[in-house]
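Accompanying notes for the structure given below.
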Amino acid sequence: MPQTILGSYTGQWFTVQTPEQARLLSDSAAVQMLQPFLGRKLGAAEAAREAGVSVERLSYRIRQFVAAGLLEYMGEQPRRGRPVRLYQAAGGIFLPFQHTPFEDLEAQISGNLQPIQAAKARALARVLTEVHSDGRVLYRDDTSGKVYSEAASSGSASMQRSRGSNRIGRLWLDETQWAELQAAYDVLSAQVQALETGPREGAKPYLLELTLVPLDEADA
């Protein structure tokens with residue numbers, strides 16, 4: 001039985017067995033549209049709202065999921081006019097690595113991160129355009145003596161007031177510093193887990209990355 005980290009699942013696991021099932025579950029866009037159906041009956045319109053895509057796009061994926069055996073037709077829900085066709089996926093799905101199309105774990109992670117990194121690049125470029133960033137600066141801080149590399153703006157817009165932020169880099173930490181940063185990371189991660197996700201009225205999409213992993217010194 002697979003062991004979970006972020007949450008718990010006590011139901012029966014569906015184990016992927018075919019190349020088509022593995023292909024779909026290795027596609028982040030497809031997974032996004034399968035998620036609303038996990039463990040519950042849902043119609044296409046409601047699932048599309050949750051996934052943040054059009055009904056037409058979701059309906060195309062439904063046909064793929066049903067053909068691949070990842071989604072099951074569960075009957076119709078009566079309503080005025082045309083009834084709603086309901087579908088459901090297993091509440092828990094296990095995808096063994098040997099069934100994925102990736103050569104190794106590094107290739108799998110790189111493939112999963114690619115659409116996220118592309119969206120991140122587009123979003124950061126949009127934010128920097130809004131504050132009229134026209135270059136980068138590399139400098140040593142007068143007070144701390146630390147060296148910084150960051151986007152620069154010669155316009156009147158304030159970089160500090162822009163909506164969005166990004167900080168990424170390599171850190172050299174001793175055990176105490178690592179423990180303190182890991183504790184702060186855990187608190188923020190729990191806060192994020194408690195948030196309601198998915199499209200809803202009054203909410204806007206944001207991209208959040210939380211990563212703290214040890215590097216080999218060769219990669220530092």
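Looking at T100, its side chain does come within 3.5 Å of a backbone N or O of F97 through a donor-acceptor pair. Between the side chain of Q177 and the backbone N or O of D174 there is at least one donor-acceptor pair closer than 3.5 Å. Listed for the R140 side chain is a donor-acceptor partner under 3.5 Å among the backbone atoms of G145. Between the side chain of Q32 and the main chain of S28, no donor-acceptor pair closer than 3.5 Å is present. Under a 3.5 Å cut-off, the side chain of S59 and the backbone N or O of V55 do form a donor-acceptor pair. Formation of a donor-acceptor pair under 3.5 Å by the R79 side chain with backbone atoms of R82 is found in this model.
Side-chain contact between E72 and M74: present, with at least one pair of heavy atoms (C-beta onward) separated by less than 4.5 Å. Residues L210 and L208 meet the side-chain proximity criterion, which asks for heavy atoms closer than 4.5 Å. A 4.5 Å side-chain heavy-atom check between E50 and L42 finds at least one atom pair inside the cut-off.
Hydrophobic clustering (side-chain heavy atoms under 4.5 Å, transitive across Ile, Leu, Val, Met, Phe, Trp, Tyr) groups V53 together with F65.
Using a cut-off of 4.0 Å between Lys/Arg side-chain N and Asp/Glu carboxylate O, E209 and K120 are scored as salt-bridged.
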Does the pair L95 and T15 meet the rule for a side chain to side chain contact (heavy atoms under 4.5 Å, CB included), with working shown? CA-CA 6 Å; L95 172 56; T15 300; over 6 Å; no

For side chain to side chain contact (heavy atoms under 4.5 Å, CB included), just list the numbers for V84 and L86, CA-CA rounded to whole Å, side-chain angles, deciding distance to a tenth of an Å, and then say yes or no. CA-CA 6 Å; V84 177; L86 301 176; 4.1 Å; yes

K41 vs E76, salt bridge (Lys or Arg N to Asp or Glu O under 4.0 Å): CA-CA, chis, key distance, verdict: CA-CA 10 Å; K41 300 176 185 178; E76 297 182 340; over 6 Å; no

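S144 and D141 share a donor-acceptor pair across their side chains, judged by distance under 3.5 Å alone.
Y139 meets the ring-ring contact (aromatic ring centres under 6.0 Å, His included) test with Y148; sequence neighbours excluded. With sequence neighbours left out, R85 forms a side-chain hydrogen bond (donor to acceptor under 3.5 Å, both in side chains) with Y87.
Tested against R61 for a side chain to side chain contact (heavy atoms under 4.5 Å, CB included), the candidates L71, L70, L24 yield a single pass: L24.
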